[in-house]
Amino acid sequence: MGYFNRVFTGSVIMAMLALPVAAKEYRVAVGDGAGGTQEALGKAFAEALAKESGGEMTAKLFLNGQLGDEQDTVTAAATGTLDFSILAINNITPFSPSVGTLTLPYVILSQDDAEKLTQGEVGQKMIEQTVEDAGVRIIGWGYSGFRVLTNSKRPVATVDDLKGLVIRVPKNDIMIETYKSWGVNPTPMAWGETFAALQQKVVDGQDNPYMTIYSMKFDEVQKYITDLRYLFSIEPLVVSEATFSSLSEDEQKQVLAAGQAATKASAEFLRAEEAKIREELVSRGMEITAPADEEKQFIELATTTVWPKFYDQIGGKEHLDEVLTSLGRPPA
Ligand code: MLT
């Protein structure tokens, strides 16, 4: 190679080395609107990811199901056309049935229970199982509080009051069966269609946490709330396993560390905000009713009939027993 070529090639290489490496920008699908758990989890993740990776990986949130309905984002992530998604756990269960243990009625009875399960051994096993079943890896856990029942027609305090109401539920067998145990044949419907269905009175009600009712502006189309505690909503942040396995070992560590930081931030967010948001919904005209007799009838019907129906699907009664025992409760 002549002198000129050597100098030219050398300077091209030097220039290439000096070029800043383009940051990888990832898209994060978020099912809910602004102001709720999912956005808080996503923002904390994006901030931590940029910090952990020294700005080489960034994450951009797309709220309100802009990148697809929650269940569809699982398929998109599994096939590698989407990198990250934040969604309610009940919308992962159809793809990874053992995660259903977390949506069995009255298994999780407090935020402490939710944190203990997800951040402990049970959560770790679920992460592995979900990678295998659904092609997505849970890297962060959002905590959204109990799903309370809302409707536009009347206060509901007893199982009898529920009769005759048309209630939307996610396409989740466990939740469908829970309502059936209360004598209601619910309407399974995708999350993205729910606001319009409530507005057009195709359905009378639905259930979701206070944080979600607020972030989705359901107070505009719903009046009555029943403070049910049958299902504590966990809202995971998942990464496409195809995306995750394409990262270097260091990048994987950074993504996992950012997920852990987001989990911590989400737990703090719920503790700090839920009571305020509940108050805000009341000030906007919503009316809250406590379930009669400390919810005993709801609890009795749901646990005695729904749990046994799903033992096979969730990986056996032993799996539920393991979860209950890890929470210091007697086996089923
Ligand atoms: C649902 O009801 O489908 C979900 O819980 C909605 C959500 O992700 O907030």
Side-chain angles (χ1 to χ4, degrees), residues 28-42 45 61-77 82 84-96 99-100 102-105 108 114 118 136 138 140-151 166-179 184 186-199 202-219 221-222 225-226 228-238 262 266 269-270 273-274 277 281:
V28 184
V30 181
D32 296 350
T37 300
Q38 295 189 357
E39 187 197 37
L41 180 75
F45 174 69
L61 308 185
F62 292 82
L63 301 176
N64 276 312
Q66 285 172 73
L67 299 185
D69 215 88
E70 290 196 2
Q71 292 194 2
D72 296 337
T73 65
V74 179
T75 318
L82 174 69
F84 293 90
S85 177
I86 298 176
L87 71 170
I89 191 90
N90 49 273
N91 287 328
I92 298 186
T93 317
F95 306 93
S96 190
V99 178
L102 300 182
T103 61
L104 279 178
I108 298 178
T118 51
V136 296
I138 298 170
W141 301 95
Y143 305 103
S144 211
F146 288 103
R147 295 178 73 106
V148 297
L149 173 73
T150 68
N151 86 88
V166 184
I167 305 291
R168 171 270 170 182
V169 286
K171 295 178 184 170
N172 175 298
D173 291 344
I174 296 178
M175 295 166 83
I176 295 170
E177 287 302 320
T178 302
Y179 275 90
V184 172
T187 307
M189 184 184 284
W191 180 226
E193 293 161 23
T194 305
F195 185 90
L198 293 168
Q199 191 173 41
V202 175
V203 293
D204 302 317
Q206 61 86 47
D207 69 57
N208 257 297
Y210 283 110
M211 313 300 275
T212 312
I213 296 168
Y214 172 78
S215 76
M216 299 305 291
K217 302 188 168 56
F218 280 1
D219 53 286
V221 288
Q222 296 279 270
I225 296 181
T226 307
L228 290 184
R229 301 171 76 79
Y230 85 105
L231 189 47
F232 185 100
S233 187
I234 290 171
E235 323 240 335
L237 161 64
V238 302
S266 174
F269 181 74
L270 183 64
E273 298 301 319
E274 191 180 33
I277 281 180
L281 291 171

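Every number for a ligand or one of its atoms is a count from 1 in the order of the listing.
- Within 4.0 Å of ligand 1, contacts by protein heavy atoms are made from D32, Q38, E70, A88, N90, N91, R147, R168, P170, W191, N208, T212, E235.
- Below 30°, between 30° and 60°, or above 60°: for F146 and F232 the angle between ring planes is above 60°, a perpendicular geometry.
- Proximity of a side-chain donor or acceptor of E70 to a complementary backbone N or O of A88 within less than 3.5 Å is detected.
- No side-chain heavy atom of L149 sits less than 4.5 Å from a side-chain heavy atom of Q222.
- Under the rule for a ring pair (Phe, Tyr, Trp, His ring centres under 6.0 Å), the partners of W191 that lie at least two apart in sequence or sit in another chain are F218.
- There is a side-chain donor-acceptor pair under 3.5 Å between S144 and T37.
- The number of heavy-atom neighbours closer than 6.0 Å to CZ of R168, taken from other residues, nucleotides and ligands shown, is above 12.
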